[in-house]
Protein chains: 2
Amino acid sequence: MSLPEISPRRPYHHGKLKQALVEAALALAEQAGAENVTVREAARRAGVSPGAPFRHFPDRESLMAAVAAEAQRRLRAEIDGALGEAPKDPLARFRAVGLAYLRWALRNPAHFQIISTHDLFDHERSEVLSQDNAKIIGMTEAALAEAAAAGLLAHPDLRLVRLAGRALVYGFARMAIDGHFPRWNITPEEAPRLAEALLDLFVGAIAKKPSPVAEDGSPIAGGSSRSSA
Amino acid sequence: MSLPEISPRRPYHHGKLKQALVEAALALAEQAGAENVTVREAARRAGVSPGAPFRHFPDRESLMAAVAAEAQRRLRAEIDGALGEAPKDPLARFRAVGLAYLRWALRNPAHFQIISTHDLFDHERSEVLSQDNAKIIGMTEAALAEAAAAGLLAHPDLRLVRLAGRALVYGFARMAIDGHFPRWNITPEEAPRLAEALLDLFVGAIAKKPSPVAEDGSPIAGGSSRSSA
DNA sequence: ACCTGAACACCGTTCAAGT
DNA sequence: ACCTGAACACCGTTCAAGT
C-alpha cells in the first residue's frame, strides 16, 4: 500500500512562494476574472497547502495589492517604452502616453482592473504601486504642464484640462473593461483605432489653434484615424 | 420551557419577499459596498431562511441584476426630472443629462457601480435594465444628433464626439467610485462643481464657435462654475 | 524559518420536509 | 404556492504540529 520514499516528493520548502503566488494570481485573474481570484486556488497552483500563503501575506487583500503592484510595474514598463520613441512636442508626448496606457488596458483588462479598482485591496497600502503610479501620472502631468507653459493650450485652466484628459482616457479603458463596447457596437478589433482617434480629438480640442481661420483650410488636428506610432 | 403560541411569530409566508430582498440588497450595497452584498445577509434582513431567496432568484447574479434594474430605474427618474427643466438647446440638454447622471453617481456610488460593472451580474439578462439604459443613452444621443443636424458641432465625426462625451462622463464617475479623487486632491465637496466645469469644457470644445473672434468678448461657453440648474 | 492539515465561521446553492 | 432547516462544496483565516 505505501510507496517507498524514493518518489521525488515536492520539497517541503517552496523557496520562492511569495513570487509564485503573485504569478499564479495574475494568471488566475486573466483566466477567471479579477474578482474570482482566490487565495486557495493560488495556493493550489503554487503547489502548497491552503494556509501557506498566510505566512507571506497577512490577508487576501495584501496578496491582491502585491498583484496590483506587479501589474502596475508592467504597465509602467510599456509606457516607458512608448515614451522612449515619442517626439519632443509635449502634446505628442501626452498622446503617446495615453495611447500606450489604453493599448495595455485593452490587452490586459483583468490586470488593469486590479490596478484601478480599489475594492479589491485596501487603500494605498502598497508603496511600490503608488510610486509606479505616481511616475505614470507624472509623465502626463509633465507633458501637459509643459504644453501650458509653452502657450500651446487653448483653455486657461490647466487643472481642468488635466482632469478632462484623465477622465477621457480612464473612461474609455473602463468602458472596455466593464463590457460597454458591445452595446455601442464597438468591436475589439477597432477599439485601438478608436482610442487613437479619441486622443487626437482631445489633443485637437485643447490645443490652441494656429490662427482663427486658416485660409488654406488645412485640417489642424484630430480627424479620422490614420496609422501612426 | 416552551412559550405558548400567543407570540406573534412572523408569518410563514412573507408576501413580498422578492421586493424585500432587492431593497435589502440595495441597502447592503450602500453600507458594505457593492461587492459585499450577500444572498444570506439579504435573506437575514428580510427575515427569511438562507434558502428562501432561491425561490425567487435562480442565483446570486439574478438578484444582483434585479438590484441593478431598480438602481437604473432610480437613475433614470433623476435624469427625467432634470431634463424636464432643461432648455431646448440641444447642447444644453446634453449638459443637463450629463450633470444629472454625474450627480446621481456621486451620491450613490455603490448603486452606480452595480449598474455599470458587468462583473456582478451576467450580461444583459435583465430587460428592464437594458430598456431603462437605452432610454438614458437615447436622451444624450438625441441631443447630440440634434446639435449635429443643426450644424452646432465643430467636429465632423458625430460618432467620435458621442464616444468622447460618454468616456469623459463615465470616466469621471468611475474615478470617483474607484477612489481616485483623494490622489488628485479632489474633495467630495468640490466634485459636483468639477463635474459641471468638465461638462462646460466639453460642450465648449465640441461646439462650433459663433465667430472667430467675438468683438464683445462675451463668454460663449465653458469657463468656471456658476450656479445653474 | 517555512509548510501541513485540521479546524472554524462564512457563503452559494439544493432539497426534502413542513405550513 | 411559499418557506424552513439541514446538508454539501467552497472560501478566508488560524494554529498546533511537523520538517
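Letters go in sequence order (proteins before strands), and every chain restarts at 1. What you see is a predicted model, and the numbers here were worked out from it, not measured in a lab. Computation of the quantities below employed the complete heavy-atom set of this structure, encompassing side-chain atoms and omitting hydrogens, waters and symmetry-equivalent molecules.
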Next item on the list: Using a strict cut-off of less than 4.0 Å between a Lys/Arg side-chain nitrogen and an Asp/Glu carboxylate oxygen, indicate whether R93(A) and E146(A) qualify as a salt bridge.
Entry: no
Next item on the list: For residues 184-203 of chain B, pull every pair meeting ring-ring contact (aromatic ring centres under 6.0 Å, His included), keeping only residues two or more places apart or in separate chains.
Entry: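 Residue pairs with at least one partner in residues 184-203 of chain B: F94(B)-F202(B).
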Next item on the list: Can you tell me which residue pairs pass the ring-ring contact (aromatic ring centres under 6.0 Å, His included) test with a partner in residues 50-78 of chain B, sequence neighbours excluded?
Entry: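 The answer is none; no pair qualifies.
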Please report, to 0.1 Å, the donor-acceptor pairs under 3.5 Å made by any side chain of residues 76-84 of chain A, with sequence neighbours excluded.
{"residue": "R76(A)", "atom": "NH1", "partner": "D132(A)", "partner atom": "OD1", "Å": "3.2"}
{"residue": "E78(A)", "atom": "OE2", "partner": "R107(A)", "partner atom": "NH2", "Å": "2.6"}

Checklist line | Residue pairs passing the salt bridge (charged side-chain N to carboxylate O under 4.0 Å, His left out) test where at least one lies in residues 164-174 of chain B, sequence neighbours excluded | finding: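 Pairs touching residues 164-174 of chain B that pass the test: D178(A)-R174(B), R174(B)-D178(B).
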Whole angstrom is fine here: how far is it from [atom1] in [X] over to [atom2] in [N]?
X      : N       : atom1 : atom2 : answer
H14(B) : dA1(D)  : NE2   : C1'   : 16 Å
R60(B) : dC10(C) : CZ    : P     : 18 Å
L21(A) : dT13(D) : CG    : C1'   : 15 Å
L17(A) : dC3(C)  : CG    : P     : 5 Å
E35(A) : dC11(D) : CD    : C1'   : 15 Å

Notebook entry, point to check: By a strict heavy-atom criterion of less than 4.0 Å, which residues belonging to residues 36-44 of chain B are in contact with DNA chain C?
Noted result: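 Heavy-atom cutoff 4.0 Å gives T38(B), V39(B), R40(B), R44(B).
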Polar pairs (N or O, both sides) under 3.5 Å between protein and nucleotides 14-19 of chain C?
none

Using atom types as modelled, flag every donor-acceptor pair under 3.5 Å from a side chain in residues 39-46 of chain A to any protein atom, sequence neighbours excluded.
{"residue": "E41(A)", "atom": "OE1", "partner": "R44(A)", "partner atom": "NH1", "Å": "2.3"}
{"residue": "E41(A)", "atom": "OE2", "partner": "R45(A)", "partner atom": "NE", "Å": "3.1"}
{"residue": "R45(A)", "atom": "NH1", "partner": "Q31(A)", "partner atom": "OE1", "Å": "3.2"}
{"residue": "R45(A)", "atom": "NH2", "partner": "Q31(A)", "partner atom": "OE1", "Å": "2.9"}

Notebook entry, point to check: Hey, do the aromatic rings of Y101(B) and F172(B) have their centres closer than 6.0 Å?
Noted result: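 No.
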Acceptor/donor pairs from residues 16-26 of chain B side chains to any protein atom, 3.5 angstrom cut, sequence neighbours excluded:
{"residue": "Q19(B)", "atom": "NE2", "partner": "E23(B)", "partner atom": "OE2", "Å": "3.3"}

Margin query: Take N1-N3 plus N6-O4 or O6-N4 for Watson-Crick, N1-O2 plus O6-N3 for G-U, both under 3.5 Å. Which runs of 3 or more such pairs involve DNA chain D?
Written below: C:4-8 with D:12-16, C:12-16 with D:4-8
Next item on the list: Could you pull out all residues at least two apart from H111(B) that satisfy ring pair (Phe, Tyr, Trp, His ring centres under 6.0 Å)?
Entry: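 If we apply the ring pair (Phe, Tyr, Trp, His ring centres under 6.0 Å) test to H111(B), skipping adjacent residues, there are no hits.
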Check: Can you name the side-chain hydrogen bond (donor to acceptor under 3.5 Å, both in side chains) partners of R55(B), sequence neighbours left out?
Finding: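 By the side-chain hydrogen bond (donor to acceptor under 3.5 Å, both in side chains) rule, R55(B) matches no residue at all.
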Check: Where the side chain of S49(A) is defined as all heavy atoms beyond and including C-beta, which of dG5(C), dT13(C), dC3(D) is the nearest nucleotide?
Finding: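 Closest of the options to the side chain of S49(A): dG5(C).
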Checklist line | Any residue meeting side-chain contact (heavy atoms from CB on, under 4.5 Å) with A205(A), in chain and number order, not counting sequence neighbours | finding: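 side-chain contact (heavy atoms from CB on, under 4.5 Å) check on A205(A) returns A205(B).
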